[in-house]
Asker: 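I'd like to ask you about the structure that follows.
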Amino acid sequence: MAMNPNELFYAGYNPMPWYNGHNDYWIMRALNAEKQAEKKKQEDAKKGIIEMSMPLCCEGCIMKVHKKLKTMDGVASVECDQLKQKVIVKGDANPEAVLKKARKINKRADFWKEKK
């Protein structure tokens, strides 16, 4: 005898234990919890990273930036991307102090703004 899908549900067959078939609130709550966890993970990964835009025209500019920023307290590493005109400073240094030092190197230095 063929069973109706509803009869399967009431006979104890429940493919999704977190969803009872009547209320979408539980689905939305589970999805929001996943999004919040992912957002927190991204924020934790971003901690200690300072991104700045700075004109880097040649290898001399890159070496100058490395030399000046690497000597600061709390700076673990300095990465320069000449194509994107971007400098990434990793460590636990104060972002305002790093920007101030970068502006002494080049007055057009600023925090990196993501294009949306």
Asker: Is there a side-chain contact between Leu56 and Val65 in this structure, where contact means two heavy atoms from C-beta onward sitting under 4.5 Å apart?
Answerer: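 Yes; the side chains approach each other to less than 4.5 Å.
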Asker: So Glu51 and Phe111, do their side chains get closer than 4.5 Å, heavy atoms only?
Answerer: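 A side-chain contact under 4.5 Å is absent here.
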Asker: Within this structure, what is the CD1-CD1 distance for the pair Ile49 and Ile88, rounded to the nearest 0.5 Å?
Answerer: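 If we round to the nearest 0.5 Å, Ile49:CD1 and Ile88:CD1 are 7.5 Å apart.
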Asker: With side chain to side chain contact (heavy atoms under 4.5 Å, CB included) as the criterion, how do Lys101 and Val98 come out once you've worked through the C-alpha distance, each side chain's angles and the decisive distance to 0.1 Å?
Answerer: CA-CA 5 Å; Lys101 184 81 157 186; Val98 173; 5.8 Å; no
Asker: Using a 3.5 Å distance criterion without hydrogens, assess whether the side chain of Lys104 forms a donor-acceptor pair with backbone atoms of Lys68.
Answerer: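 Side chain of Lys104 to backbone of Lys68: no pair is present.
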Asker: Could you grab the distance from atom CG of Leu69 to atom SG of Cys80, nearest 0.5 Å is fine?
Answerer: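 If we round to the nearest 0.5 Å, Leu69:CG and Cys80:SG are 7.5 Å apart.
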Asker: Side chain of Gln85, backbone of Gln82: donor and acceptor closer than 3.5 Å?
Answerer: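 Pair found, side chain donor or acceptor close to backbone of Gln82.
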Asker: Within this structure, what is the CD1-SG distance for the pair Ile105 and Cys61, rounded to the nearest 0.5 Å?
Answerer: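 So the gap between those two atoms works out to 10.0 Å.
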Asker: Name every donor-acceptor pair, under 3.5 Å, that has one atom in a side chain of residues 89-96 and the other anywhere in the protein, sequence neighbours excluded.
Answerer:
from  : atom 1 : to    : atom 2 : distance (Å)
Lys90 : NZ     : Glu79 : OE2    : 3.3
Asn94 : OD1    : Glu96 : N      : 3.3

Asker: How many angstroms lie between atom CE of Met52 and atom CG of Asp110, to the nearest 0.5 angstrom?
Answerer: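 Spacing of CE (Met52) from CG (Asp110) equals 10.0 Å.
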Asker: Are any non-hydrogen side-chain atoms of Val78 and Val87 less than 4.5 angstrom apart?
Answerer: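 Yes, close enough: below the 4.5 Å cut-off.
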Asker: With sequence neighbours left out, what residues match Asp81 under side-chain hydrogen bond (donor to acceptor under 3.5 Å, both in side chains)?
Answerer: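 Partners of Asp81 by the side-chain hydrogen bond (donor to acceptor under 3.5 Å, both in side chains) criterion come out as none, since no residue qualifies.
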Asker: Can you find a heavy atom in the side chain of Arg108 that is under 4.5 Å from one in the side chain of Met54?
Answerer: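 They are not in side-chain contact.
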Asker: How about Lys70: does its NZ atom have over 12 heavy atoms from other parts shown lying under 6.0 Å from it?
Answerer: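 Counting neighbours around NZ of Lys70, more than 12 heavy atoms of other residues, nucleotides or ligands fall under 6.0 Å, so yes.
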